[in-house]
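Worksheet: one structure, shown below.
In what follows, every chain begins at residue 1, and chains take the letters A, B, ... in the order their sequences are listed.
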Protein chains: 2
Amino acid sequence: MMNKDRCLKPATDEECRKAWLTLKDTMDIVGGKWKLVLISILRGGKFKFRELAREAEISPRILSKELKELEMNGLVSRTVLDTRPITVEYQLTPYSVSLNKLILNMYEWGQMHRQKITGKQ
Amino acid sequence: MMNKDRCLKPATDEECRKAWLTLKDTMDIVGGKWKLVLISILRGGKFKFRELAREAEISPRILSKELKELEMNGLVSRTVLDTRPITVEYQLTPYSVSLNKLILNMYEWGQMHRQKITGKQ
DNA sequence: GCTATGGGTTACATAAAGGATACCATCTAA
DNA sequence: TTAGATGGTATCCTTTATGTAACCCATAGC
């Protein structure tokens with residue numbers, strides 16, 4: 001139990017399966033080619049749809065899909081502004097902050113690993 | 001700078017791009033359908049090729065590919081035993097421990113997020 | 001020789017992800 | 001009235017990921 005909590009070493013097949021499903025949940029939300037790119041960009045502030053498309057060099061179709069998913073998961077909010085013509089702003093939600101530790105970990109591990117394979121330059 | 005180190009909020013496009021590439025490195029190694037499943041299973045000890053295939057319910061073709069990638073990245077070691085017929089054992093390397101924090105973070109976030117969307121049961 | 005087990009590989013098929021292009025609708029300013 | 005910006009959607013296509021089935025090689029037991 002302690003063991004499981006500290007290093008997630010599942011003792012039984014059941015536990016292993018549950019652990020995997022939970023990891024998969026996370027991967028579904030943060031994985032794929034664009035999710036983390038968009039989150040990174042949105043850390044810079046508010047963006048309109050086309051601004052974001054230009055910034056990330058992503059096609060509108062994919063951008064639309066990704067933003068919907070991020071919005072559904074409570075990580076991004078969409079605000080329609082009553083301007084002429086109407087504009088839509090996307091920004092990170094306060095909840096998205098909960099990902100900070102994870103993203104930082106991924107970043108650190110990637111950096112460490114790169115140093116390891118390129119010979120600790 | 002400090003900001004970047006603590007919450008990875010890239011200030012420039014360059015930084016944003018570099019951050020993304022580093023995150024992508026990590027995703028390449030740990031992402032996909034099988035990598036984390038196999039790592040989870042291998043936490044249980046040594047496994048032979050077919051044992052692992054049975055355990056994970058993965059086809060030999062994919063298993064072979066995944067194991068090669070994990071091995072290339074120094075996370076899994078492959079040992080040929082001089083038995084009749086020869087057998088091959090796969091196990092996690094000491095280096096794989098470096099992923100523990102990341103995996104635990106992913107697990108915790110997934111758990112927390114699930115509680116959030118299912119209404120904090 | 002026949003069959004079984006272990007460790008895979010090869011060839012082929014399907015599913016999922018991502019991309020390109022064109023387009024729709026609304027509005028404004030020229 | 002035409003052109004350009006806004007926020008997208010629809011259609012089609014390519015690439016990558018994953019799966020299935022059959023097969024190869026070696027050894028051991030019968």
**Item:** CA sep, side-chain torsions, deciding dist, call: B:Thr87, B:Val80, side-chain contact (heavy atoms from CB on, under 4.5 Å)
**Value:** CA-CA 6 Å; B:Thr87 48; B:Val80 180; over 6 Å; no
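- Between B:Met112 and A:Ser98, the closest side-chain pair of non-hydrogen atoms falls below 4.5 Å.
- In the hydrophobic cluster analysis, where Ile, Leu, Val, Met, Phe, Trp and Tyr join through side-chain heavy atoms closer than 4.5 angstrom, B:Ile86 is grouped together with B:Leu67.
- Residues passing the side-chain hydrogen bond (donor to acceptor under 3.5 Å, both in side chains) test with B:Asp25, sequence neighbours excluded: A:Arg114.
- Proximity of A:Lys48 to A:Val88: side-chain heavy atoms (C-beta onward) are nowhere separated by under 4.5 Å.
- Extent of DNA chain D lying under 4.0 Å from chain B heavy atoms, first and last nucleotide in 5' to 3' order, is D:dT18 to D:dA28.
- The separation between B:Phe47 atom CZ and C:dG6 atom P is 15 Å, rounded to whole Å.
- Regarding A:Met27, its CE atom lies at a distance of 12 Å from the P atom of C:dA17, rounded to whole Å.
- Nearest-nucleotide assignment on DNA chain C puts the 5′-proximal partner with B:Arg54, out of A:Trp34 and B:Arg54.
- Using a 30° and 60° split on the angle between ring planes, A:Tyr95 and B:His113 fall in the parallel class, below 30°.
- The interatomic distance linking B:Arg78 (CZ) with C:dG6 (P) rounds to 16 Å, in whole Å.
- Atom pair A:Ile58:CD1 and C:dA20:P shows a separation of 11 Å (rounding to whole Å applied).
- B:Lys48 places its NZ atom 16 Å from the C1' atom of C:dG8, with the value rounded to the nearest Å.
- Salt bridge status for A:Lys33 with A:Glu66: absent, with no side-chain N to carboxylate O gap under 4.0 Å.
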**Message:** For a quick check, with a 4.0 angstrom heavy-atom cut-off, what is the B/S/- contact string for nucleotides 21-30 of chain C, read 5' to 3'?
**Reply:** ------SS--
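- Atom-to-atom, CG of B:Leu52 to P of C:dG7 comes out at 10 Å; the value is rounded to the nearest Å.
- Under 4.0 angstrom from either OP1 or OP2 of C:dT9 there lies at least one side-chain N or O belonging to B:Ser64.
- The cluster map of Ile, Leu, Val, Met, Phe, Trp and Tyr, joined by side-chain heavy atoms under 4.5 Å apart, puts B:Leu99 and B:Met72 in different clusters.
- Rounded to an integer number of Å, the gap from NZ of A:Lys65 to P of C:dA16 is 12 Å.
- For B:Lys68, a side-chain nitrogen or oxygen approaches OP1 or OP2 of C:dT9 to under 4.0 Å.
- Side-chain nitrogen and oxygen atoms of B:Tyr90 include at least one within less than 4.0 Å of the OP1 or OP2 phosphate oxygen of C:dG8.
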**Request:** Could you walk me through whether A:Gln111 and B:Lys18 pass side-chain contact (heavy atoms from CB on, under 4.5 Å), step by step?
**Result:** CA-CA 10 Å; A:Gln111 229 176 10; B:Lys18 192 196 157 210; 3.7 Å; yes
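- At whole-Å resolution of the value, CG in B:Leu63 and P in C:dT10 are 16 Å apart.
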